[in-house]
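Working notes, structure below.
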2 protein chains.
Amino acid sequence: MLADLRRPERTFTIRQLCNEFKATPRALRFYEDKGLLTPAREGLNRVYSHKDRVRLQLILRGKRVGLSLSEIRELLDLYDENDDGAAQMARSLKKFRERATALEQQREDIDGALIELREACARLERRLAEIRPDLLPRAADYDQVLRARLDGHGDAAMGK
Amino acid sequence: MLADLRRPERTFTIRQLCNEFKATPRALRFYEDKGLLTPAREGLNRVYSHKDRVRLQLILRGKRVGLSLSEIRELLDLYDENDDGAAQMARSLKKFRERATALEQQREDIDGALIELREACARLERRLAEIRPDLLPRAADYDQVLRARLDGHGDAAMGK
DNA sequence: GTCAACGTTTACGTAAACGTCAACTTGGCC
DNA sequence: GGCCAAGTTGACGTTTACGTAAACGTTGAC
């Protein structure tokens, strides 16, 4: 089976790739419309080659890390231009690093928002405890999650 | 001047607030359209009170953190309500906690993306080092970007 | 022979957060 | 009385990444 997937002459239907990567036909056609994929045709039907499959993998990876489709297409275009591939790799590396710094900034912003939200929650909890303790929603497990994050620098466990 | 800004009876034109917070009139009217701001009127012209200014600050802070306008409006509505009864406070608290868990999920997604990005970067760096070490982007540029962010944008997002 | 299940194209819908006209009114200044 | 600057209200345009029909063609099963 795996050997089958690797066989270069193997081709794929749109549905096969959709199933494999949990995408929709509409999405693949959209990527084609945007110039990110250019599958062959058998009559009207699209026929995806092994290379197309790799490109789709790259597209989805780019999406997972937050690149726009146009950014992804730029990278893929460079990949096509140079047989060398070194220039494209350098460009990709730069893009990836930029994206990483952007994501780190986003995470800092989120952390700031979480701090403020926790302060607000704490204020409300104190006042509620004074005035109407019976209305206080249970907070035990919630606080545990918070504390785990603050201490352990909660790591790994990729988001599926 | 600062004393002037703090004087509760002080009012502001749309242009003044736009200049102060680097926003556009279109944006403020849009926020009003969405129910986030409700300035008074002097004839046709909008007149922003001290409270409106505070609300605008909260709006922009929420935006910097990546909240949508509708989410911001919910928070503002809750801020307004929570002076009242204990029931309102309990509802606010619940909303805040929901918001916090959503933000934590976002952060996990970002962490996952960062892991994948760093793996991709590492692969590219290794291959590039083998093939064309001269094309390897120096970490210096990257660090400069980081430093620029830390200095220039020392933006205690949630100062409160 | 016909139904279901896939495939195709074309094309409009969506949501967010405004930008960008257009067409007007208002106030101040000279 | 003429004009500019700044305000106002619509209303349509933009971008991203598809979803959602509509209307049609092809193939295999029964």
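We name chains A, B, ... by the order of the sequence lines, and we start the count at 1 in each one. Hydrogens, waters and symmetry mates are skipped; everything else that's a heavy atom, side chains included, is used.
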Next on the checklist: With a 4.0 Å cut-off on N to O distance, would you call Glu125(A) and Arg97(B) a salt bridge?
Outcome noted: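 Result for this pair is yes, salt bridge flagged.
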
Check whether any side-chain heavy atom of [X] sits under 4.5 Å from a side-chain heavy atom of [Y], and report yes or no.
| X | Y | answer |
| --- | --- | --- |
| Gln16(B) | Arg53(B) | no |
| Lys34(B) | Arg73(B) | no |
| Leu56(A) | Leu28(A) | yes |
| Phe12(B) | Asn19(B) | no |
| Tyr31(A) | Lys63(A) | yes |
| Leu67(A) | Leu75(A) | yes |
| Phe30(B) | Thr24(B) | no |
| Glu104(A) | Ile110(B) | no |

Nearest whole angstrom, please: distance from the [atom2] of [N] to the [atom1] of [X].
| X | N | atom1 | atom2 | answer |
| --- | --- | --- | --- | --- |
| Asn45(B) | dA5(D) | CG | P | 17 Å |
| Glu42(B) | dG7(D) | CD | P | 13 Å |
| Leu44(A) | dT27(D) | CG | P | 11 Å |
| Asp33(B) | dT8(D) | CG | C1' | 13 Å |

| message | The criterion is side chain to side chain donor-acceptor pair (under 3.5 Å); which residues satisfy it with Thr38(B), sequence neighbours excluded? | response |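 By the side chain to side chain donor-acceptor pair (under 3.5 Å) rule, Thr38(B) matches no residue at all.
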
- Message: Applying side chain to side chain donor-acceptor pair (under 3.5 Å), can you list everything that pairs with Glu32(B), at least two apart in sequence or on another chain?
- Response: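 Residues passing side chain to side chain donor-acceptor pair (under 3.5 Å) with Glu32(B): Arg41(B), Arg46(B).
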
*asked:* Pairing donors with acceptors under 3.5 angstrom, does anything connect the side chains of Ser70(A) and Glu74(A)?
replied: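 Side-chain D/A pair, Ser70(A) to Glu74(A): absent.
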
Could you list the protein-to-nucleotides 10-12 of chain D atom pairs, N/O on both sides, closer than 3.5 Å?
none

Worksheet item: For residues 59-69 of chain A, which residues have at least one heavy atom under 4.0 Å from DNA chain C?
Response: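 Close to the strand, none.
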
**Asked** With sugar-phosphate meaning primed atoms plus P, OP1 and OP2, does Arg46(A) contact a base, only sugar-phosphate, or nothing at under 4.0 Å between heavy atoms?
**Response**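 Sugar-phosphate contact only - Arg46(A) comes under 4.0 Å of backbone atoms but never of a base.
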
| Taking the nucleotide of DNA chain C with the closest heavy atom to each, which residue, Ser70(B) or Arg41(A), is nearer the 5' end? |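 Counting from the 5' end, the first nearest nucleotide belongs to Arg41(A).
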
### Task
Note the angle between the end axes of the helix from dG1(C)-dC30(D) to dC30(C)-dG1(D), five pairs defining each, rounded to 10 degrees.
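Roughly 30° between the end axes, to the nearest 10°.
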
field: chain A footprint on DNA chain C, 5' to 3' - any atom under 4.0 Å from a heavy atom
entry: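 From 5' to 3', the first and last contacting nucleotides are dG7(C) to dA11(C).
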
- Task: Looking only at non-hydrogen atoms, find the nearest pair between Cys18(A) and Pro25(A) and report the distance.
- Result: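 That closest heavy-atom pairing would be SG-N, 3.3 Å.
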
